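A single structure is presented below for examination.
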Amino acid sequence: MDVRQRPSKPIAAADSSGKLKAKHSPSTLKYYVEEDPSLKVPASLYFVNASVICAFFTLLYYLLSRWREKIRSASPLHVLSAPELAALLAFAASSVYLLGFFGVEFFQSLLLRPSSDIWADDCEEEKVVSVVAEGVSQKSPCGQALDDETLKLEFDPVKPAAPKAKAVETEKWDEPIGLTEEDEEVIASVVAGTTPSYSLEKKLGDCRRAAAVRREALQRMTGKSLAGLPLEGFDYESILGQCCEMPVGYVQIPVGIAGPLVLDGQKYSVPMATTEGCLVASLNRGCKAIALSGGASSVVLRDGMTRAPVVRFSSAKRAAELKFYLESPENFEALSSVFNSSSRFARLQSIKCAIAGKNLYLRFSCSTGDAMGMNMVSKGVQNVMNFLEKDFPDMDVMGISGNYCSDKKPAAVNWIEGRGKSVVCEAVIKGDMVRKVLKTSVNALVELNMLKNLTGSAMAGALGGFNAQASNIVSAIYIATGQDPAQNVESSHCITMMEAINDGQDLHISVTMPSIEVGTVGGGTQLASQSACLNLLGVKGANREAPGSNSRLLATVVAGSVLAAELSLMSAIAAGHLVQSHMKYNRSNKDVSKASP
Ligand code: ADP
């Protein structure tokens, strides 16, 4: 795209040449070519250029063919006829013209080409400015943080930047509506690096305005458009200090509804935020088969969030002493009262210790009411660590989390011990429904489950992955209901079992999920869209009568939905329909890249 077509407001004045304008302060390294009608190339010039190029190649062809003729006939090369002499002169003239017109810019571009560095590949399309300043060639990388300290250090805003700069190739973008003159000043100072982007909320006292200013500054610095990423329609106050820093907009993800899921005698409409075609339809079909067979039932086996600090002693013996102390039933009461004082809802359940030499890992487990509980358990653990320092002054707390928790990493400890809510969910699917709704047979499903979910996963060395698509469902419900999507890692641990029952007539299916980490308060759950989805499920916010029952109910809905989705996907694979349906619903010929918000 030609930068000259970019119509957005220039900030600085033209330089002496009138061609280049500093868009922002010198320290930003960004220059844009000003829109200038005089710079437009007239049509007649194109015509002249085209004629000279044609003449150049015609003459070249003529001279070369004459040269060949002379070599063949052994005539002297330096003896020229009048047409040959004229052609030679015309060829020289056209060469001079073309070199003068295109050559200078070509050589300049070679000389001004930015040095290659680790960003070069990533930024090739971005045509980021290269500024030659005080003999230093610098390049602003794509995606570079607005508050990049290196920029501030190396380019003193007071010193003028080098005059030569290559124009940034920019895209057109929609400026946020309602930017005032004062906003323009703030944008300029963010771009110049004098106002840190992260301080905008505090400086302006208006979260929406801060997002608008940051967004515009980002577009100007990167030359990249954020059109398509909406700014309006979001409550930026609601995320201040808790969900997302330095917002510039929000990503839209469609929410589909599957169901009703008939679970423990209740009907649930399951919200799923996803862009994977087939997923909602697949869950919907599984729900239908379950509902027509009388519904599914679930049991919460355990409910406890974990956090495991790592401490170090000078000897393994001392580490072992603390292990015995923490695991002794006599000390539990004292430890739990210290732990529980951190919150009305945190209740210590156990401390499981693992030793690695002089290092001890203390896996605290506690109930957390309706909160997913990471903050809560961390506060309780901190209290206990402070308390232990009195009796174990030689204990060195190396980290409040030592990965034996284990949060957002695949780990056998979660698969075996559980984390969050451990749920088992089952259903008996009538043979009729297997045939009519799922288009397969009980035997085919049982055999495929054994070969794929059990043996196949064992062959692959799976860790908690004895299922077909648990993570699809977990992720979609987590995003819709404001859970932490990164906890999909362990929350998707699931073993799917299938068995023929009632003399092979019907199918017994179950999913066992030991580490579903969900909450209905805290984190993203209180945001408007997410809490609407929780409301749909009847689990919005804290349950005042029985704290923890909302989050446990949500965990059973997750497990019930996984059960339905396992049933549907396994049936599609057994019936050989998987590829067909994905080609139909998950592959679009439409060019959706231009879809407007
Ligand atoms: P998390 O521990 O999941 O990160 P937070 O600590 O951010 O969650 O949110 C839990 C907050 O909600 C705590 O301040 C807690 O006191 C409050 N809260 C109110 N009602 C409940 C409830 N029923 N269960 C758990 N926490 C609750």
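Counting starts at 1 for both ligands and their atoms, following the listed order. Not measured: the values here are computed from a predicted model.
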### Query
Which residue pairs pass the salt bridge (Lys or Arg N to Asp or Glu O under 4.0 Å) test with at least one member in residues 191-203, sequence neighbours excluded?
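Counting only pairs at least two positions apart or across chains, the salt bridge (Lys or Arg N to Asp or Glu O under 4.0 Å) contacts touching residues 191-203 are E201-R214.
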### Query
With sequence neighbours left out, what residues match A334 under side chain to side chain contact (heavy atoms under 4.5 Å, CB included)?
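Testing A334 for side chain to side chain contact (heavy atoms under 4.5 Å, CB included), a comparison that skips the adjacent residues, returns none.
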Per-pair distances, ligand 1 N/O vs protein N/O, less than 3.5 Å:
from, atom 1, to, atom 2, distance (Å)
ligand 1, 2 (O), G373, N, 3.4
ligand 1, 2 (O), M374, N, 3.4
ligand 1, 2 (O), N375, N, 3.1
ligand 1, 2 (O), M376, N, 3.1
ligand 1, 3 (O), M372, N, 3.2
ligand 1, 3 (O), G373, N, 2.6
ligand 1, 4 (O), N375, N, 3.3
ligand 1, 4 (O), N375, ND2, 2.9
ligand 1, 7 (O), N375, ND2, 3.3
ligand 1, 23 (N), D370, OD2, 3.1
ligand 1, 24 (N), D370, N, 2.7

Enumerate, atom names and distances included, each donor-acceptor pair closer than 3.5 Å involving a side-chain atom of residues 284-291, sequence neighbours excluded.
from, atom 1, to, atom 2, distance (Å)
N284, OD1, G259, N, 2.8
R285, NE, S568, OG, 3.1
R285, NH2, S568, O, 2.9

### Query
Is it true that the side chains of D303 and S367 contain a donor and an acceptor less than 3.5 Å apart?
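No pair is found: no donor N or O on one side chain lies under 3.5 Å from an acceptor on the other.
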### Query
Any chance the side chains of S549 and N543 put a donor and an acceptor closer than 3.5 Å?
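Yes, side-chain donor-acceptor contact under 3.5 Å.
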### Query
Going by distance alone, is a donor N or O of one side chain under 3.5 Å from an acceptor N or O of the other, for Q483 and Q530?
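The answer is no; no qualifying pair exists.
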